[in-house]
Amino acid sequence: MEREVRVRFAPSPTGALHIGGVRTALYNYLLARKTGGKMILRIEDTDQNRFVPGAEDYIRRSLEWCGIELDESPWNGGPYAPYRQSERKPMYMQYALQLVNDGHAYYAFDTAEELEAMRERLKAAKVATPQYNAITRATMRNSLTMPEDEVKKLLESGAPYVIRLKVPRKEEIRLKDMIRGWVMVHSSSIDDKVLMKSDGMPTYHLANIVDDHLMKITHVIRGEEWLPSAPLHVLLYRYLGWEDTMPEFAHLPLLLKPDGNGKLSKRDGDKLGFPVFPLHWQDPFTGEISSGYREAGYLPDAFVNFLAFLGWNPGTQQEIFSMQELANEFTVERIGKSGTRFDIQKARWFNEQYLRAKPDSELAGYLLTALEEHNIDCTHEKAAKVAGLMKERVSFPQDFWKEAAYFFVAPEEYNEKVASKKWNAQSVAVFEQFKNELPTIADFNADSVKELLTTILERNGMKIGQVMQALRLAVTGAEAGPDLMQIIEIIGREETIARIETAIAKLSQYATAE
RNA sequence: GGUCCGUUCGUCUAGGGGUUAGGACACCAGAUUUUCAUUCUGGUAACAGGGGUUCGAUUCCCCUACGGACUACCA
């Protein structure tokens with residue numbers, strides 16, 4: 001019988017969760033949804049020195065924003081609680097001791113200085129990889145080299161110690177990765193990893209295996225940086241007697257910097273001109289602020305869609321996927337093997353697609369928010385109209401206000417290039433007639449306004465192309481924008497007349513230059 | 001340095017022993033438009049290199065190069 005799929009995302013609360021982490025969470029979530037399994041979040045806070053206040057909450061809010069729902073977590077509980085490793089502390093020692101009793105682990109009493117000295121010694125002896133291993137452990141202070149009663153005495157005296165895994169000297173360890181196939185590693189290249197630290201906390205290696213086992217995790221999907229230690233984890237499953245229920249592994253390709261030089265790291269932040277965090281984050285220690293995708297104006301759906309395609313694709317031509325569609329189509333097999341460079345332009349394109357797919361009434365909300373901030377009254381209906389006209393030319397919600405302010409505020413300045421090129425006495429003459437006759441229109445709308453303008457132009461023997469740019473300048477101050485007649489309809493008759501009058505007065509210097 | 005992983009247009013990728021090597025983003029050009037944008041049409045552009053295996057290799061194998069990850073009582 002197939003086990004229920006149970007996947008976990010296991011971040012460490014050491015700062016803001018960066019997009020690589022979000023993608024890992026997303027792939028886990030997608031597999032859970034696809035298979036009807038469970039998505040678990042476990043906080044890996046075994047390193048008390050690296051605790052960062054607010055980081056855990058940040059993780060929670062980030063996932064929420066992305067729409068990644070958790071079936072079990074520290075916040076909504078679950079049958080395998082607690083979901084914070086710090087709260088699971090009492091559970092780990094017994095497994096470490098089991099390993100010691102079975103001869104697969106041992107106590108070590110070496111101080112930091114002694115370890116350092118050992119590495120120095122090996123380096124001086126031109127050893128390629130100085131490590132605590134099957135050879136060097138014989139020269140160190142541990143329960144394998146020391147007399148039993150001395151070890152006992154030390155332990156009873158409360159002397160600091162760690163428990164290390166006794167990695168076999170010569171053994172080929174095989175690991176099946178869902179993305180990469182069989183990976184073979186020789187045990188001699190693995191060192192005797194610390195399992196229990198001297199502060200009584202387990203290391204990642206032990207905690208992760210114990211928790212994954214107890215939480216009945218079936219698939220471990222994590223970043224490629226874990227691949228080198230995966231064989232060690234296989235060894236642990238074996239020694240703990242859990243090999244038959246060992247989860248399947250999938251090591252995700254890394255997210256690289258846009259230049260391909262190294263993995264995208266938290267430090268890269270805004271240095272590269274785009275956010276690396278889902279949400280805005282302020283470091284509580286340094287006060288340093290990093291921008292987030294949410295604040296930059298990315299819609300969560302677009303962000304998720306973009307992220308999903310960084311290393312995965314459905315094998316079809318379809319690019320726009322809702323979370324539901326992603327969950328339906330997702331398979332681990334279709335995840336690529338090679339590192340993925342980060343391309344912010346694609347993210348922006350996704351955002352535009354999602355923005356344009358939204359109904360005008362919803363887009364109006366973005367505009368209304370900005371208008372409120374500027375103390376400008378506006379009906380929902382008008383905002384929706386403006387949004388409808390602008391949606392093809394914006395990338396982010398905040399662009400609506402940025403690009404369409406002239407719908408609400410008369411221009412203060414006029415684009416100088418257009419003014420000097422298009423503003424002349426001839427068009428001013430037309431505008432005079434135009435604004436004088438505007439009050440005669442019975443039903444004021446884009447069509448009727450255009451009709452009036454056309455009539456006047458004919459009367460003056462001119463073509464529409466000769467004045468349009470100048471008229472746009474008068475009404476909006478800008479050189480480009482949506483259909484001018486639509487703009488005029490929205491801002492209304494009085495405002496249009498006023499703006500034309502203002503422009504004629506302010507731009508008189510250009511009118512004589514003809 | 002050692003171990004491991006990787007390498008198809010600039011980027012994300014599809015494909016896979018015989019293809020005009022496909023798509024998307026970006027870029028360029030044309031069409032449309034009152035402008036910009038959108039839209040439409042078209043275009044530039046890739047199998048890292050060398051050896052094998054084979055009638056045939058971009059595809060399979062090996063080597064090299066390059067890139068990356070790891071190499072802590074961090075995760």
Side-chain angles (χ1 to χ4, degrees), chain A residues 10-14 44-47 49-50 85 108 110-112 115 119 123 126-132 160-164 175 177 179-180 183-186 188-191 193-205 207-208 222-231 251 253-254 256 258 260-263 306 309-319 334 336-350 352 356 389-395 403 415 418 422 450 453 463-473 476 478-485:
Chain A
S12 168
T14 53
E44 310 234 323
D45 55 352
T46 52
D47 187 356
N49 300 320
R50 294 215 301 160
Q85 289 183 328
D110 315 278
T111 64
L115 289 171
R119 291 196 188 99
K123 245 194 271 173
K126 298 265 195 301
V127 173
T129 45
Q131 53 181 19
Y132 208 117
Y161 67 92
V162 300
I163 295 178
R164 283 181 183 271
L175 159 80
D177 183 272
I179 294 172
R180 289 151 218 284
V183 176
M184 243 85 81
V185 178
H186 197 84
S188 62
S189 67
I190 302 173
D191 61 349
K193 282 273 180 310
V194 169
L195 265 19
M196 291 298 294
K197 300 188 269 191
S198 56
D199 65 1
M201 275 289 202
T203 59
Y204 168 85
H205 301 294
N208 137 321
R222 75 226 303 191
E224 190 185 328
E225 68 267 29
W226 292 111
L227 194 51
S229 56
H251 290 94
L254 262 15
L256 271 23
N261 247 238
K263 73 170 172 176
F306 163 68
F309 270 70
L310 247 32
W312 173 87
N313 80 87
T316 65
Q317 306 285 72
Q318 188 183 345
E319 303 237 39
R334 291 207 66 89
K337 294 187 199 349
S338 50
T340 305
R341 293 190 204 191
F342 193 82
D343 180 15
I344 194 65
Q345 288 186 117
K346 196 88 173 231
R348 187 193 171 99
W349 178 81
F350 272 110
E352 289 167 353
R356 283 166 204 171
L389 284 180
M390 296 303 295
K391 70 202 261 187
E392 301 294 328
R393 55 192 78 233
V394 299
S395 301
E403 307 284 327
N415 182 296
V418 182
K422 304 279 182 179
K450 184 161 192 181
L453 182 63
K463 291 215 174 99
I464 201 158
Q466 292 174 269
V467 300
M468 266 304 194
Q469 279 292 80
L471 186 56
R472 175 181 298 280
L473 186 72
T476 71
E479 79 287 4
D483 183 88
L484 186 56
M485 296 306 142

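Everything quoted here is computed from the prediction, not taken from an experiment. Any value given below was found using the heavy atoms of this structure, including those in side chains, with hydrogens, waters and symmetry copies removed. Every chain is numbered from 1 and lettered A, B, ... according to where its sequence line falls, protein lines coming before strand lines.
- Spacing of P atoms, B:C60 relative to B:A24, comes out at 26 Å, to the nearest Å.
- Nucleic acid contact for A:P130: none, since no nucleic acid atom lies under 4.0 Å from a heavy atom of the residue.
- Contacts of A:V162 with the nucleic acid, taken as non-hydrogen atoms under 4.0 Å apart, include base atoms.
- Using the Watson-Crick or G-U wobble rule with both distances under 3.5 Å, B:A69 pairs with B:U3.
- Heavy atoms from other residues, nucleotides or ligands lying under 6.0 Å from CZ of A:R222 number more than 12.
- Separation of atoms CD1 (A:I344) and CZ (A:F342) is listed at 4.5 Å; rounding is to 0.5 Å.
- Look at the P atom in both B:C12 and B:A69: the space between them is 15 Å, to the nearest Å.
- Using a 4.0 Å heavy-atom distance criterion, A:M201 is classed as making no nucleic acid contact.
- For A:W349, the side-chain atoms get nearest to B:C25 when compared with the rest of B:C73, B:C25, B:G15.
- Residue A:L310 contributes atom CG, which lies 13 Å from atom P of B:A14 at whole-angstrom precision.
- If you take CZ of A:R50 and C1' of B:A75, they are 5 Å apart, rounded to a whole angstrom.
- Residue contacts for A:G336: at a heavy-atom cut-off of 4.0 Å it reaches no nucleic acid atom on any strand shown.
- Taking the P atom of each, B:A45 and B:G23 are spaced 14 Å apart, rounded to whole Å.
- Side-chain N/O atoms of A:K197 include one lying less than 4.0 angstrom from OP1 or OP2 on B:A75.
- Looking at heavy-atom distances under 4.0 Å, A:T46 makes contact with sugar-phosphate atoms alone, never a base.
- Comparing atom distances between the A:A128 side chain and each of B:A75, B:G1, B:C5 picks out B:G1 as nearest.
- Between A:E224 and A:R119, the residue anchored nearer the 5' end of RNA chain B, judged by the nucleotide with its closest heavy atom, is A:E224.
- Across all strands shown, B:C25 is found opposite B:G10 as a Watson-Crick or G-U wobble partner, with both distances under 3.5 Å.
- At the heavy-atom level, A:D110 lies under 4.0 Å from base atoms of the strands shown.
- A side-chain donor from one of A:S395 and A:E352 sits under 3.5 Å from a side-chain acceptor of the other.
- Closest to the side chain of A:D47, out of B:A26, B:G23, B:C74, is B:C74.
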Requested in this report: Could you please spell out the steps behind the salt bridge (Lys or Arg N to Asp or Glu O under 4.0 Å) verdict for A:K263 and A:E224?
Outcome: CA-CA 11 Å; A:K263 73 170 172 176; A:E224 190 185 328; over 6 Å; no

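- Note: CD (A:E225) to P (B:A72) measures 16 Å, nearest angstrom.
- Of the nucleotides present, B:U64 is the one that pairs with B:A48 by Watson-Crick or G-U wobble criteria, both distances under 3.5 Å.
- Here, B:A37 and B:C27 have their P atoms 11 Å apart, quoted to the whole Å.
- Taking atom NZ on A:K123 and atom P on B:A72, their separation rounds to 10 Å, with Å as the unit.
- Side-chain atoms of A:D343 lie closest to B:U11 of the nucleotides B:G2, B:U13, B:U11.
- Out of B:A75, B:A69, B:C73, the shortest distance to the side chain of A:S198 is found at B:C73.
- Atom-to-atom distance recorded for A:F309:CZ and A:K346:NZ is 8.0 Å, nearest 0.5 angstrom.
- Taking atom C1' on both B:U58 and B:G22, the two are 14 Å apart, rounded to the nearest angstrom.
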Requested in this report: Test side chain to side chain donor-acceptor pair (under 3.5 Å) on A:Q85 and A:D45 and set out the steps.
Outcome: CA-CA 6 Å; A:Q85 289 183 328; A:D45 55 352; over 6 Å; no

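- Checking the phosphate oxygens (OP1, OP2) of B:C73, a side-chain nitrogen or oxygen of A:R164 falls inside 4.0 Å.
- Phosphate contact (OP1/OP2 of B:U3, side-chain N/O of A:T129, threshold under 4.0 Å): absent.
- Computed from coordinates, the A:H205 NE2 to B:C73 P distance equals 9 Å when rounded to whole Å.
- Here the P atom of nucleotide B:G10 and the CD1 atom of A:I344 are 21 Å apart, to the nearest Å.
- Atom-to-atom distance recorded for A:K422:NZ and A:L471:CG is 13.0 Å, nearest 0.5 angstrom.
- No hydrogens or angles were tested; on distance alone, nothing pairs the side chain of A:K346 with the base of B:A26 as donor and acceptor under 3.5 Å.
- The side chain of A:R341 places an N or O atom within less than 4.0 Å of a non-bridging phosphate oxygen (OP1 or OP2) of B:U11.
- Taking the P atoms as reference points, B:U13 lies 38 Å from B:U32, given to the whole Å.
- At a threshold of 4.0 angstrom between heavy atoms, the contacts of A:F309 are confined to the sugar-phosphate backbone, with no base atom among them.
- Under 4.0 angstrom from either OP1 or OP2 of B:U13 there lies no side-chain N or O belonging to A:N313.
- In a base pair of the Watson-Crick type (N1 to N3 plus N6-O4 or O6-N4) or a G-U wobble (N1-O2 and O6-N3), with each distance short of 3.5 Å, B:U58 is matched with no nucleotide.
- A:G223 comes within 4.0 angstrom of nothing in the nucleic acid, heavy atoms only.
- Rounded to whole Å, the distance from CH2 on A:W226 to P on B:A72 is 13 Å.
- Base pairing of B:U53: no nucleotide in any strand meets the Watson-Crick or G-U wobble criterion (both distances under 3.5 Å).
- Ranking B:A24, B:U35, B:A14 by closeness to the A:R334 side chain, first place goes to B:A14.
- If A:K337 and A:L254 are placed on RNA chain B by their nearest nucleotide, the residue sitting closer to the 5' end is A:K337.
- How far CZ of A:R472 is from CE of A:M485: 8.5 Å, rounded to the nearest 0.5 Å.
- A:G315 comes within 4.0 angstrom of nothing in the nucleic acid, heavy atoms only.
- Comparing B:G6, B:C70, B:G68 by their closest approach to the side chain of A:R180 singles out B:G6.
- Remark: the separation of the C1' atoms in B:U19 and B:C25 is 24 Å, to the nearest Å.
- Comparing atom distances between the A:S338 side chain and each of B:U38, B:A26, B:G6 picks out B:G6 as nearest.
- Proximity of A:S189 to the phosphate of B:C4: no side-chain N or O atom is located under 4.0 Å from OP1 or OP2.
- One P atom belongs to B:U38, the other to B:C28, and the distance between them is 12 Å to the nearest Å.
- Across B:C70, B:C12, B:A75, the shortest atom-to-atom separation from the side chain of A:K263 is found for B:C70.
- Rounding to the nearest 0.5 Å gives a distance of 7.0 Å between CZ of A:R164 and CG of A:D191.
- Spacing between atom CE of A:M196 and atom C1' of B:A75 amounts to 16 Å, rounded to whole angstrom units.
- Ring geometry for A:W226 against A:Y204 counts as parallel: the plane angle stays under 30°, on a 0 to 90° scale with 60° as the upper cut.
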